[in-house]
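Input: a single structure, listed below in structure tokens.
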2 protein chains.
Amino acid sequence: MTALQPNYLIFSNEGVSGVAWKNRALKRSVIAYLDVSDSCTVMDISRELNISVPKAASLVSELVQDNLIRDYGKIDSTGGRKANVYGLVNDACFFIGVDVKKYYVNIGLLDFKKHLLSIRENVPFQLENTPGSLRALTDIIRRFISDFSELESRILGVGINLSGRVNHVTGYSYSFFHFQEEPLSRIIQQEIGIPTFLENDSRSMAYGEFMNGVVKNERNVLFINIDFGLGMGILIDGNLYYGKSGFSGELGHIPFFQNEKICHCGKRGCLETETSGIALLEEIKERIRGGSSSILSQKNRDVDRIRLEDVIEAARKQDTLVIEVLAELGDKLGKAIAILINIFNPELVVLGGKVSETGEHIRLPIRSALNKYTLGLVNNDTQLKLSRLGERAGVMGACLIARGKVLSAAH
Amino acid sequence: MTALQPNYLIFSNEGVSGVAWKNRALKRSVIAYLDVSDSCTVMDISRELNISVPKAASLVSELVQDNLIRDYGKIDSTGGRKANVYGLVNDACFFIGVDVKKYYVNIGLLDFKKHLLSIRENVPFQLENTPGSLRALTDIIRRFISDFSELESRILGVGINLSGRVNHVTGYSYSFFHFQEEPLSRIIQQEIGIPTFLENDSRSMAYGEFMNGVVKNERNVLFINIDFGLGMGILIDGNLYYGKSGFSGELGHIPFFQNEKICHCGKRGCLETETSGIALLEEIKERIRGGSSSILSQKNRDVDRIRLEDVIEAARKQDTLVIEVLAELGDKLGKAIAILINIFNPELVVLGGKVSETGEHIRLPIRSALNKYTLGLVNNDTQLKLSRLGERAGVMGACLIARGKVLSAAH
DNA sequence: GATTATTAATAAATATTTTTAATAAGTTTG
DNA sequence: CAAACTTATTAAAAATATTTATTAATAATC
């Protein structure tokens with residue numbers, strides 16, 4: 001059987017108006033509804049979209065013809081004729097997510113129903129602000145796509161996470177690959193031939209956890225990305241919050257300490273100088289040099305060559321020094337998160353990024369700091385959870401960002 | 001001519017479905033569009049709402065019949081037949097706003113086009129958590145309404161600001177008047193016979209400034225309410241942000257200082273303990289007792305009886321002591337606002353509340369603290385302005401909250 | 001196990017909306 | 001100043017959606 005050419009038209013508004021436009025919008029609404037409710041009947045759609053049953057039925061039948069949704073069978077009834085339920089078709093279309101890290105890339109493929117079908121992790125790569133580095137990146141993406149050639153015509157979007165400042169609307173990147181006039185997203189799109197979307201890494205991870213991770217029904221969520229640096233993704237009423245220029249969530253650089261450590265941003269006293277992966281690593285090294293004992297010091301290795309991964313591994317092995325330093329870090333970070341809780345009154349705060357892989361060793365100190373520093377009434381509203389997706393939040397988020405933009409016809 | 005009985009039906013969805021429901025929704029959309037664009041043509045509406053011109057024309061003619069909009073005349077054309085422009089009818093309907101303070105009440109009347117037609121300020125009142133105090137409040141509202149008896153049938157909503165915790169959806173108040181089962185908004189509504197909506201005071205003021213104050217086209221705005229306490233209203237994409245239980249924006253109680261001052265909330269080191277009207281007043285008194293000279297000390301009056309209003313008056317008269325203390329307060333508050341700017345990347349921060357009436361004496365120290373404590377890139381995005389409405393932001397906000405809820409049929 | 005109540009799907013009739021065409025009311029240009 | 005060109009409004013025709021009525025399917029009840 002030859003590859004299906006699904007009816008992509010509904011994901012764009014080009015060249016249509018009037019009834020055609022309305023029908024596309026309605027079909028997208030049906031898909032959006034199916035996206036959150038998983039399956040539904042014709043009557044559900046009629047109620048939800050305020051359209052008549054025959055109209056809903058005709059939309060459904062067209063979407064079935066387009067192979068975007070299909071009949072899932074009958075639903076249990078409470079007395080009366082059983083209704084047909086419909087849901088999305090798994091392989092109707094696909095999306096690619098690219099999580100660009102400093103020394104490697106993670107890349108994955110997501111299907112229409114938000115399953116991560118394939119993921120390739122730790123693909124070697126050097127993130128530099130050079131044309132060569134950009135070419136290496138597009139090569140990696142192209143190579144990944146070529147592994148799914150039979151699906152290629154159904155890959156509708158590519159999402160790319162970059163750290164630093166990114167404008168998701170214009171597609172410009174300000175921290176990397178900004179050596180040309182055109183927006184970066186368009187450059188890459190021309191290279192790989194698929195609509196491409198850029199996003200900040202912490203925001204993307206937040207979106208991943210929100211759509212397909214630890215978040216269930218919460219709509220106002222903070223995602224704290226404790227990695228080498230410290231970032232945050234903000235979800236407000238189920239949508240990513242960007243701020244005026246997409247620079248929101250700069251948690252790492254809020255003025256928080258009276259210390260003398262100069263941050264790489266040039267300011268002094270940034271939160272990140274004491275509560276990030278780098279700060280953790282440096283503190284551990286400092287203490288080992290000062291004579292503290294630890295699994296990390298015993299292996300008569302060079303202190304300078306300890307990596308953040310080693311520290312996290314040591315925490316898993318119940319290393320006392322690491323646990324102690326994490327507790328101190330957690331108390332400070334908890335105080336900062338207490339501020340956020342007072343301001344946002346969120347339903348949920350999710351801890352993600354490399355350092356969060358130390359699990360309860362970081363969560364519990366933060367939790368007790370929250371009890372200490374927030375108003376009881378406000379604090380009781382807020383859950384504190386560890387990321388469910390872990391390292392994969394980035395790829396998942398990138399896929400989902402692309403999926404969300406394509407499905408809402410926002411391109 | 002007898003008082004018009006306008007067609008209020010479009011502001012509710014009760015008992016309608018299908019075409020009737022859609023038409024009401026469309027008419028509300030027309031009004032919402034007119035609300036931001038002031039005036040428009042039939043073709044504008046057709047484009048904006050994606051409906052055909054004849055359909056738009058029929059909606060417009062019905063709205064004109066309902067006396068909600070009217071023909072403003074012809075618009076200038078750029079070659080071709082001139083179009084009729086339509087706009088809202090000033091006196092189609094009215095809204096009342098009640099700003100409840102500790103020792104007095106401000107109350108005002110707003111028309112359909114957001115003009116504050118009448119305001120009564122400083123109506124004596126004692127805010128206590130007693131049935132008597134509640135009765136006094138409803139009496140004040142009733143008396144105010146009775147002054148506009150010929151308009152009464154067109155008063156569609158009453159908004160009430162209360163300090164402390166308020167749930168705007170359920171209508172419950174948790175800090176005042178919570179001695180009955182039923183939500184407070186319903187109790188008051190029964191007393192005065194007009195749909196009633198509750199809101200937190202800082203949020204309401206933020207909304208006032210946003211809809212009818214210093215905010216022009218900005219969509220992400222923070223309103224800092226520096227009054228006796230310290231509050232904040234958050235506007236995200238043009239909407240008030242509430243958080244899970246409506247407790248967002250608790251700026252006054254974020255853990256910020258290592259001081260020993262115990263806040264009335266029970267915690268230590270709250271921002272409010274050093275950067276609120278009360279903190280300002282106490283610091284001034286302290287310094288005068290310590291021998292500092294000031295306009296306030298010269299009037300051989302009792303130091304204990306200096307009021308916040310006196311301090312603000314002194315600042316206006318260029319009193320050195322007050323200006324000095326304000327500068328210190330502004331520096332601390334500016335550091336806190338720097339945190340907010342890093343997190344929200346807002347287009348605008350508005351300073352409101354009593355202390356903001358000191359004008360540049362408080363704005364400039366905050367501005368320079370922002371330069372010191374925020375990243376240049378982020379800071380350049382953000383304007384810092386003084387409230388335009390001042391004391392009236394509360395009444396204006398309360399009216400507009402009621403207006404917004406009624407017009408969006410959210411009741 | 002037949003009957004009744006309930007809900008879903010379909011068909012026919014009715015109502016509404018959009019499209020297309022025509023007309024009206026201007027502006028610009030030769 | 002009239003012809004050509006624009007744009008707005010109205011009218012009639014065509015397309016589309018909603019209503020209402022009917023049929024189909026199933027669970028609960030007697």
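Scope of the values below: all heavy atoms of this structure, side chains included, with no hydrogens, waters or symmetry mates.
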Would you say that B:Ile45 contacts B:Cys40 through its side chain, given a criterion of any heavy-atom pair below 4.5 Å between the two side chains?
yes
Give the rounded distance in Å between these two atoms: CD1 of B:Ile75 and P of C:dT27.
13 Å
Heavy-atom nearest nucleotide on DNA chain D taken for A:Lys74 and for A:Val19; more 5' hit belongs to A:Val19
Ring pair (Phe, Tyr, Trp, His ring centres under 6.0 Å) between A:Tyr242 and A:His168, worked out
CA-CA 9 Å; A:Tyr242 289 92; A:His168 75 117; 3.5 Å; yes
If you look at every strand shown and take non-hydrogen atoms under 4.0 Å, does A:Lys22 touch a base, only sugar-phosphate, or nothing?
sugar-phosphate
Does A:Asn50 form a side-chain hydrogen bond (donor to acceptor under 3.5 Å, both in side chains) with B:Lys22? I'd like the steps, not just the answer.
CA-CA 8 Å; A:Asn50 283 295; B:Lys22 282 184 192 178; over 6 Å; no
Whole angstrom value for the distance that separates P of C:dT28 from NZ of B:Lys82
10 Å
Can you list, by residue number, the residues of residues 40-50 of chain A that have a non-hydrogen atom closer than 4.0 angstrom to DNA chain D?
none
Looking just at side-chain N and O atoms, do B:Arg28 and B:Asn23 make a donor-acceptor pair shorter than 3.5 Å?
no
Under 4.0 angstrom between B:Lys55 side-chain N/O and C:dT18 OP1 or OP2:
no
Under 4.0 Å: is that the gap between some side-chain N or O of B:Asn23 and OP1 or OP2 of C:dT16?
no
Expected output: side-chain A:Glu347 to main-chain B:Lys244 donor-acceptor under 3.5 Å
no
Under a 4.0 Å heavy-atom criterion, DNA chain D is touched by chain B from D:dT6 to D:dT19
For B:Leu88, which of B:Asp38, B:Asp35, B:Leu68 qualifies under side-chain contact (heavy atoms from CB on, under 4.5 Å)?
B:Asp35
Would the distance check show the side chain of B:Glu152 and the main-chain N or O of B:Ile145 forming a donor-acceptor pair, the cut-off being under 3.5 Å?
no
So, A:Lys27 and A:Glu62, do they make that salt bridge, N to O below 4.0 Å?
yes
5' priority, DNA chain C, between B:Pro54 and A:Gly80 [closest heavy atom]
A:Gly80
